[in-house]
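Notes to accompany the following structure.
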Amino acid sequence: MTSIEPRVEVVSPTRARFQVRSFDLHTTLSSGQTFRWRSTGTGWTGVVAGRPVILRPTEHGIEAEASVPVADWSWLTQYLRLDDDFEAVMDSFPDDEPMRAALMSCCGLRLIRQPAWECLVSFICSSTKQIVQIEQCIELLSQRFGSPLVSFPGHEPVWDFPTPEQLVMAGETNLRACKLGFRAPYVLAAAKSVQTGRLNLVELESMTTSEARTALTTLPGVGPKIADCVLLFAYGRQDAFPLDVWMLRGLAALYFPRRRPSPKRLRDFADTHFGPWAGYAQQYLFHYARRHRPDLRTRKAKAS
DNA sequence: AGCCAGGCCTGTG
DNA sequence: CACAGGCATGGC
């Protein structure tokens with residue numbers, strides 16, 4: 001798979017500019033793959049690798065401002081996947097009508113490379129919740145159990161995402177109070193598994209996608225969909241193609257109009273039709289269905 | 001008001 | 001394998 005060298009221009013101890021094309025911050029950071037970014041009008045504030053950071057679009061890419069001096073910006077270029085050869089990614093998508101529509105209406109949508117632990121907890125919290133509710137849960141967990149960070153002058157206080165140890169210390173009752181509901185024991189079990197080393201999130205990097213999926217789904221509350229989200233959004237596995245309610249409806253309506261494909265058929269289609277960057281294609285179709293096809297919002301979605 | 005949410009688990013045909 | 005019900009909580 002081809003990759004490119006990110007172009008970084010350091011403009012001050014706390015600021016850098018990244019030259020990149022086809023990267024829409026708004027579309028990307030509100031696409032339901034991350035849950036801690038907030039729009040501040042001119043930019044987006046978030047926490048990456050324990051550093052509060054503000055991202056703003058510029059004429060030639062993205063400008064980043066950190067709350068403390070930064071010697072090496074590679075933590076951010078990795079997070080933003082600026083080494084992806086994005087032209088090659090888009091060229092790899094199948095040339096069919098749904099993909100063309102998704103590409104047209106989701107210009108600059110990118111995948112992010114998230115820390116595995118935060119990603120795992122986020123998607124454990126995601127089951128039968130709307131994206132705004134997931135954001136609330138993750139914010140509450142961070143505020144109550146994460147370590148405080150140095151914020152920007154005049155900005156709200158910021159906390160790091162809590163470690164497994166911090167969530168174990170919190171206990172199930174306090175996790176429940178973050179609106180986790182029945183997911184609280186699942187998050188606690190995941191925290192204990194990682195803390196004790198029973199599940200080593202670093203070791204997953206060297207496994208095949210199938211092996212890593214099996215390891216993740218041993219956790220209670222983690223089934224194939226959540227595992228695929230973690231594999232795609234944290235481990236960059238392009239053969240992970242999360243099938244949630246939106247994707248099942250979207251694939252059926254867009255690719256199998258007036259037929260009734262079984263879930264198994266859709267699974268097989270997802271795994272074979274989209275090429276080497278299938279995970280990326282999935283994100284385009286998900287965002288397209290959710291944002292631009294309100295007719296797919298109901299359970300009985302019809303083809304247009 | 002009531003349906004449903006980037007699901008999963010358990011139990012049944 | 002397919003489907004049903006339950007699960008907390010709240011947005012729209």
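Naming: A, B, ... by sequence-line order, numbering from 1 per chain.
The distance between the ring centers of A:Phe233 and A:Phe123 falls below 6.0 angstrom.
Ring geometry, A:His155 versus A:Phe152: the interplanar angle falls from 30° to 60°, so the pair is classed tilted. Aromatic ring pairs are classed by plane angle as parallel below 30°, tilted from 30° to 60° and perpendicular above 60°; the pair A:Phe256 and A:Phe269 is perpendicular. Using a 30° and 60° split on the angle between ring planes, A:Phe93 and A:Tyr280 fall in the tilted class, from 30° to 60°.
Rounded to a whole angstrom, the distance from the P atom of B:dC8 to that of C:dG10 is 22 Å. Nucleotides B:dG6 and C:dC3 place their P atoms 22 Å apart, quoted to the nearest Å. For the C1' atom pair drawn from C:dG5 and B:dC4, the interatomic distance equals 15 Å after rounding to whole Å. With P as the reference atom, B:dC3 and C:dG6 are 15 Å apart, rounded to whole Å.
Heavy atoms of A:Gln282 sit under 4.0 angstrom from at least one base atom. At the heavy-atom level, A:Phe35 lies nowhere under 4.0 Å from the strands shown. Here A:Thr217 lies out of heavy-atom contact (under 4.0 Å) with every strand. Within 4.0 Å (heavy atoms only), A:Pro224 reaches sugar-phosphate atoms of the nucleic acid but no base atom. A:Gly221 comes within contact range of the sugar-phosphate backbone alone, with a heavy-atom separation under 4.0 Å but no base atom that close.
Remark on DNA chain B: of its neighbouring residues A:Pro220 and A:Cys229, the 5'-side contact belongs to A:Cys229, judged by nearest-heavy-atom nucleotide.
Look at CZ on A:Arg290: it is 8 Å from C1' on B:dG6, rounded to the nearest Å. Between the CD1 atom of A:Ile131 and the C1' atom of C:dC12 there is a distance of 14 Å, rounded to whole Å. Rounded to a whole Å, the NZ atom of A:Lys225 is 12 Å from the P atom of B:dA5. At whole-Å resolution of the value, CZ in A:Arg249 and C1' in B:dG7 are 13 Å apart. In this structure, CG of A:Leu248 is placed 14 Å from C1' of C:dA2, rounded to the nearest angstrom. Atom pair A:Leu243:CG and B:dG7:P shows a separation of 11 Å (rounding to whole Å applied). Note: CZ (A:Phe286) to P (B:dA5) measures 11 Å, nearest angstrom. Remark: P of B:dA5 and CD1 of A:Ile226 are 15 Å apart, rounded to the nearest angstrom.
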Within the sub-3.5 Å range, which N or O atoms of nucleotides 6-11 of chain C have a protein N or O partner, and how far apart are they?
{"unit_1": "C:dA8", "atom_1": "O4'", "unit_2": "A:Phe182", "atom_2": "N", "d": "3.4"}
{"unit_1": "C:dA8", "atom_1": "N3", "unit_2": "A:Arg183", "atom_2": "NH2", "d": "3.4"}
{"unit_1": "C:dG10", "atom_1": "O4'", "unit_2": "A:Gln133", "atom_2": "NE2", "d": "2.8"}
{"unit_1": "C:dG11", "atom_1": "O4'", "unit_2": "A:Gln130", "atom_2": "NE2", "d": "2.7"}

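For A:Trp246, counting side-chain heavy atoms from C-beta on, the closest listed nucleotide (B:dG6, C:dA2, B:dG7) is B:dG6. For A:Lys264, the side-chain atoms get nearest to C:dA2 when compared with the rest of C:dA2, B:dC4, B:dG6.
Among pairs with a residue in residues 146-169 of chain A, none fulfils salt bridge (charged side-chain N to carboxylate O under 4.0 Å, His left out), at least two apart in sequence or across chains. The stretch residues 45-57 of chain A participates, sequence neighbours left out, in these side chain to side chain donor-acceptor pair (under 3.5 Å) pairs: A:Arg56-A:Glu65.
For A:Arg265 and A:Asp268, the salt-bridge test passes: some basic side-chain N is under 4.0 Å from an acidic carboxylate O.
Under the side chain to side chain donor-acceptor pair (under 3.5 Å) test applied with A:Ser31, the options A:Arg110, A:Gln283, A:His26, A:His287 reduce to a single match, A:Gln283.
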